[in-house]
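Residue numbers run from 1 in the order of the sequence given. In this text the structure is predicted, and so the values were computed from the model without any measurement. Both counts, for ligands and for their atoms, begin at 1 and track the order of listing. Computed from heavy atoms alone, side chains included, the values below leave out hydrogens, waters and symmetry copies.
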Amino acid sequence: MTRFEITFLGTTAMVPTPKRNHPSIYVRYVSAGEKCFLLDCGEGTQRQIISLGLNFMRIDRIFITHWHADHFLGLLGLVSTMTIEKRKRPLYVYAPEAEKFVPQFLSIGYAARKFKVIPVDVPYEGNEKTTIFEDDELKVESVPVKHGIPAVAYAIVEKDRVKIDHEKASELGLPKKSPIFKRIKKFGKAVYKGIEVNLTDISYVERGKKISYSGDTMPCSNMVELAKNSDILIHESTYFEEFERYHTTFEQALGIAEKANVKKLIVTHISRRYQDDNELRKIIKSHKTSFDVDLAVDGMKLVLE
Ligand SMILES: [Zn+2]
Ligand SMILES: [Zn+2]
């Protein structure tokens, strides 16, 4: 059983409020091991990580959606604390124009950094979905979005997992536990006591989980494509009433979630003009949807199993 743990470190738009920190989301993927990512890294991110009992040294990849200060100002502080804590592992920073901006912020001040910060450029033009990171369990996809400056959205996608159906396996005479299962998984088949066993005969596919995150954007079709069939779509909803350029309203976020056929929508990047979360929850509840909808607040944690 694998799981994602998603913790909202900051949920405001542009200006922090007493309750909402600048945008950042900590994503921990737990399988046999663990992998930790950050989606955006606004000012105050490292303090939020510490306050919420998370581990910043485990973060290996940071995905920045765009270079507006509310989404990246925490990078310098976080990297500097990693330096103090004697980090050795490289840290990857993905972003549109990462190779341009990451060396710039690293050049500020004096630091005896002993680890590499590796910028990875993410395409920000056109309509193509790009896989920007992939390993044996996960991939991270990106698409360009519409925010008036180079900006992208990300999806963290768990690959489908082939699982052994032990009932079927025992019907074929296989024991409950045996190294044979590793061999069958690796080679697609193996011989057990003279009988050839095919993986397809004793397995099923567990669909991978998917989380998508819009960053800042107007409603756009690229976002719908990226978010298709997500278990959780985290979408900006800067405003709850009138439309303003470069951002999305709550009703528009609902439209994106509907078109993308997601299971759950979390709205975040909330303008400081809304100080009363209960009012926002009332608005959310007043809409009938075929999927769950919730309001992100700082410190909120979701587990996706
Ligand atoms: Zn923003
Ligand atoms: Zn922005």
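For A111, there are no side chain to side chain contact (heavy atoms under 4.5 Å, CB included) partners, not counting sequence neighbours. Remark: E128 pairs with no residue by the side chain to side chain contact (heavy atoms under 4.5 Å, CB included) rule, at least two apart or across chains.
T2 and E158 form a side-chain donor-acceptor contact under 3.5 Å, judged by distance and modelled atom types alone.
Summarising the local packing, NZ of K129 is surrounded by more than 12 heavy atoms from other residues, nucleotides or ligands at distances under 6.0 Å.
When all heavy atoms are compared, the tightest approach of P144 to G126 is CG-O, 3.4 Å.
In this structure, L174 belongs to a hydrophobic cluster whose other members, linked by side-chain heavy atoms under 4.5 Å apart, are V162, I164, L172, I180, F181, I184, Y192, V197, L199, I202.
Taking the N/O/S atoms of H147 in turn, the shortest distance to the Zn ion (ligand 2) belongs to NE2.
Protein atoms of type N, O or S found under 2.8 Å from the Zn ion (ligand 1) total 4.
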